[in-house]
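Encoded as structure tokens, the structure appears first; notes follow it.
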Amino acid sequence: MSMDITFLGTGAAYPSPSRGASALVLRRDGECWLFDCGEGTQTQLMRSPLRAGRITKIFITHLHGDHLFGLPGLLSTLALRSAPEPPRPVDIYGPAGLREFVRSSLELSHTPPPFPCAVHELLPTPEQCPDGAGLGSLSAGSEGAAVPGPAGRTLSLRPGQTSYLLEEDEQLELRAFRLFHRVPSFGFVLREKPRPGRLDVQRLRDLG
């Protein structure tokens with residue numbers, strides 16, 4: 001398995017002519033996973049060797065604008081892609097409230113994506129919401145016809161757990177963990193699983 005990371009934006013609060021807002025892409029095995037999607041992410045993608053059509057997963061750390069205002073535009077652009085093969089489904093992960101943001105943006109702009117798009121919400125713990133923001137009405141999320149495909153999972157932290165399991169296959173494990181900010185926030189850890197070596201130990205011994 002090969003992986004590489006491309007930083008599309010490292011700016012805070014707003015993009016500048018020379019630096020985009022928060023966004024980076026992890027590329028692995030022909031897929032691109034996008035972490036945060038600040039304003040200007042599409043422009044930065046066009047300047048990079050990456051292809052937006054290969055994005056299959058998007059992870060939003062928190063719901064401040066400089067981390068997600070580029071998301072509705074990116075999804076609309078993905079809807080315009082044309083290819084002989086069927087469009088790839090897109091999974092989106094982020095804090096509670098993200099599903100409603102995506103649904104409202106696409107519904108009000110009349111740009112429903114023609115591909116399955118599931119929004120998976122992470123429920124924050126009370127410690128992440130000192131003033132109650134992020135709990136209550138946001139925790140329920142929302143479903144809407146503007147986001148085709150499954151509505152997505154709602155993930156909560158069970159007693160004794162320290163992280164949320166998001167994805168797992170034979171090669172890697174992807175988890176989210178709590179961060180403490182002015183709004184509910186999450187970090188993401190990608191852990192490669194151990195792989196057996198390819199050395200022929202017995203043959204090495206026979207050769208001394």
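Side chains are part of it too, since the values below use all heavy atoms of this structure and drop only hydrogens, waters and symmetry mates. Note that the structure is a prediction, hence the values are computed from the model and not measured.
- Between the side chain of Arg153 and the backbone N or O of Leu166, at least one donor-acceptor pair lies under 3.5 Å.
- The minimum heavy-atom distance linking His62 with Pro95 is given by the pair CA-CG, 3.8 Å.
- With a 4.5 Å cut-off on side-chain heavy atoms, Leu68 and Asp36 do not count as touching.
- In this structure, the side chain of Ser48 engages the main chain of Leu45 through a donor-acceptor pair within 3.5 Å.
- His64 is listed as a side-chain neighbour of Arg182, based on a closest heavy-atom distance under 4.5 Å.
- Between Arg51 atom CZ and Arg27 atom CZ the span is 11.0 Å, to the nearest 0.5 Å.
- Transitive grouping of hydrophobic side chains (ILVMFWY, heavy atoms separated by less than 4.5 Å) brings Phe7 and Met3 into a common cluster.
- Here the CD-CG distance, from Gln202 to Leu207, works out to 10.0 Å after rounding to the nearest 0.5 Å.
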Decide side chain to side chain contact (heavy atoms under 4.5 Å, CB included) for Lys57 and Leu26; before the verdict, give the C-alpha distance in whole Å, the side-chain angles of both, and the deciding distance to 0.1 Å.
CA-CA 10 Å; Lys57 300 187 191 309; Leu26 171 73; over 6 Å; no
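- Asp91 places no side-chain N or O within 3.5 Å of a backbone atom of His120 that could act as its donor or acceptor partner.
- The structure places SG of Cys37 at 7.5 Å from CD1 of Ile55, a figure rounded to the nearest 0.5 Å.
- For the atom pair CG (Leu78) and CZ (Arg54), the distance works out to 13.0 Å, reported to the nearest 0.5 Å.
- Other residues, nucleotides and ligands place more than 12 heavy atoms under 6.0 Å from the CD atom of Gln44.
- Cluster membership check: Ile5 shares its hydrophobic cluster with Leu172, using side-chain heavy-atom separations under 4.5 Å among Ile, Leu, Val, Met, Phe, Trp and Tyr.
- Contact record, Leu63 with Ala96: CD1-O, 3.5 Å, taken as the closest heavy-atom pair.
- With Phe186 as the fixed residue, the ring-ring contact (aromatic ring centres under 6.0 Å, His included) test singles out one of Tyr164, Phe35, Phe180, Phe177: Tyr164.
- Remark: side-chain polar atoms of Glu121 are paired, donor with acceptor, to backbone N or O of Leu98 under 3.5 angstrom.
- Of all heavy-atom pairs spanning Ala23 and Gly38, the tightest one is CB-N, 4.5 Å.
- To the nearest 0.5 angstrom, Ser109 atom OG is 9.5 Å from Leu75 atom CG.
- The distance from the OG1 atom of Thr43 to the CE atom of Met46 is 6.0 Å, given to the nearest 0.5 Å.
- The shortest non-hydrogen separation linking Thr125 to Arg178 is OG1-NH1, 2.9 Å.
- When the side chains of ILVMFWY residues are joined at heavy-atom separations under 4.5 Å, either directly or via intervening members, Leu122 and Leu179 end up in two distinct hydrophobic clusters.
- Test Leu74, Ile58, Val119, Thr56 against Val90 for side-chain contact (heavy atoms from CB on, under 4.5 Å) and you get one pass: Ile58.
- Atom OH of Tyr14 is surrounded by 12 or fewer heavy atoms from other residues, nucleotides or ligands within 6.0 Å.
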Pair Val201-Arg205, side chain to side chain contact (heavy atoms under 4.5 Å, CB included): steps then yes or no
CA-CA 6 Å; Val201 177; Arg205 287 175 178 157; 3.7 Å; yes
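- Minimum heavy-atom separation, Gly152 to Arg99: O-NH2, 3.5 Å.
- The two residues Ala21 and Asp66 make their nearest non-hydrogen contact at CB-O, 3.5 Å.
- Panel note: side chain Ser185, backbone Val183; a donor-acceptor pair is recorded below 3.5 Å.
- Of the possible polar contacts, one joining the Gln42 side chain to the Gly73 backbone as a donor-acceptor pair under 3.5 Å is found.
- When ring centroids are compared, Phe188 and Tyr93 stay outside the 6.0 Å threshold.
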